[in-house]
Amino acid sequence: MDKLFFSKPTLDVAKNLLGCKLINGKTSGMIVESEAYLYNDRASHSFKGKTERNKVMFDSPGRAYVYFIYGNHYCFNVVTNKHGIGEAVLLRALEPLSGFNIMRKRRKKEELKELCSGPGKLCSALGIEKKHNGKMLNNGSLRIEKFNKIANKNIIKSRRIGISNGSELYHRFYIKGNIFISRK
DNA sequence: CTCTGGATTGAC
DNA sequence: TCAATCCAGAGG
């Protein structure tokens, strides 16, 4: 994906990512759910400025920001807007497209719906981990490509999930009617 | 150094 | 509804 795609207002990128394809090696899925985290957002890791963990958020757009959480899981974000701002989009769910058996083995689950229906789940299914932090997503094994164009009327905007601060913001986007999202 | 809580998940 | 699990960030 062109770097220009990510160099836009973060809420726009979060919406535009729906219908794109996230690929790592032989595994891939269509993005069906995303959340935006802005620089002035109390829920964002970047809210209090640059730290060792979040420094990639302040790097150039189009990079992967991968972090470890709750002692078990990785979360995958794409850095957006402009270099130095500190914004990103969290990918929360994918509709599996390829590499089903690899993903089943990694997830220890059979059902397609169980493979990528959550931020930690999709990282596990695609094999995304700490070594991917900071990687550009335009080429290489881990990358994002154009796939489906989602019409505006099929995009639902809602409150974010799993956070205490900033849960009032409608910064979550998902594809209407898609059964692979993390939660209603 | 210690302490606290988390952009989650899966089992109960 | 709730515990597992461990690390980043903050404070002393």
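Quick note: numbers below take in every heavy atom, side chains included, and nothing from hydrogens, waters or symmetry partners. Chain A is the first sequence line, chain B the second, and so forth, proteins listed ahead of strands; every chain is numbered from 1.
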> Roughly how many Å is it from NZ in A:Lys113 to P in B:dT9, rounded to a whole number?
Replying inline: 16 Å
>> Does A:Tyr70 reach a base, just sugar-phosphate, or nothing at all? Heavy atoms under 4.0 Å.
In response: base
>> Distance check needed: B:dG10 P versus A:Glu111 CD, whole Å only.
In response: 13 Å
> A:Glu129 CD to C:dC6 P: how many Å, rounded?
Replying inline: 16 Å
> With centres under 5.5 Å and planes under 30° as the test, does A:Tyr67 stack with B:dA7?
Replying inline: no
> Within the structure shown, what part of the strands sits under 4.0 Å from A:Arg183 by heavy-atom distance: base, sugar-phosphate, or nothing?
Replying inline: nothing
> Taking atom C1' of C:dC7 as reference, at what distance in whole Å does atom CG of A:Asn133 sit?
Replying inline: 14 Å
> Nearest-Å distance, CD1 (A:Ile69) to P (B:dG5)?
Replying inline: 14 Å
>> Does B:dA7 have OP1 or OP2 under 4.0 Å away from a side-chain N or O of A:His45?
In response: yes
>> Regarding A:Leu90, tell me which of base, sugar-phosphate or nothing describes its non-hydrogen contacts under 4.0 Å with the strands shown.
In response: base
> Side-chain heavy atoms under 4.5 angstrom apart, residues restricted to Ile, Leu, Val, Met, Phe, Trp, Tyr: same cluster for A:Leu137 and A:Leu122?
Replying inline: yes
> Does the side chain of A:Arg107 get closer than 4.0 angstrom to OP1 or OP2 of B:dG10 through an N or O atom?
Replying inline: yes
>> By nearest atom, which of the nucleotides C:dA8, C:dT5, B:dA7 is closest to the A:Arg53 side chain?
In response: C:dA8
> Rounded to the nearest Å, what distance is computed from the CZ atom of residue A:Phe68 to the P atom of nucleotide B:dA7?
Replying inline: 14 Å
> Is the distance from OP1 or OP2 of C:dA8 to the nearest side-chain N or O of A:Thr51 less than 4.0 Å?
Replying inline: no
>> Can you measure A:Arg159 atom CZ to B:dA7 atom C1' for me and round it to whole angstrom units?
In response: 16 Å
> Under 3.5 Å, is there a donor-acceptor pair between the A:Asn54 and A:Ser46 side chains?
Replying inline: no
> Roughly how many Å is it from NE2 in A:His73 to P in B:dA7, rounded to a whole number?
Replying inline: 13 Å
> Is there a chain of hydrophobic side chains (I, L, V, M, F, W, Y, each step under 4.5 Å between heavy atoms) that links A:Val13 to A:Ile23?
Replying inline: no
>> Both distances below 3.5 Å, Watson-Crick or wobble geometry, any strand: find the nucleotide opposite C:dT5.
In response: none
>> From C-beta outward on A:Pro119, which listed nucleotide comes closest to its side chain: B:dG10, B:dG6, B:dT8?
In response: B:dT8
>> Please say yes or no: joined through hydrophobic side-chain contacts below 4.5 Å, possibly via intermediate residues, are A:Tyr39 and A:Tyr37 part of one cluster?
In response: no
> Taking only side-chain nitrogens and oxygens of A:Ser44, does any of them come within less than 4.0 Å of OP1 or OP2 of B:dA7?
Replying inline: no
> If you check every side-chain atom of A:Lys109, which of C:dA8, B:dG10, B:dA7 has the closest atom?
Replying inline: B:dG10
> Nearest 0.5 Å, what's the SG-CG distance between A:Cys116 and A:Leu94?
Replying inline: 4.5 Å
> Taking the six-membered ring for Trp, are A:Tyr74 and A:Phe68 parallel (under 30°), tilted (30 to 60°) or perpendicular (over 60°)?
Replying inline: tilted
>> It should be established whether A:Arg92 places a side-chain nitrogen or oxygen under 4.0 Å from OP1 or OP2 of nucleotide B:dT8.
In response: yes
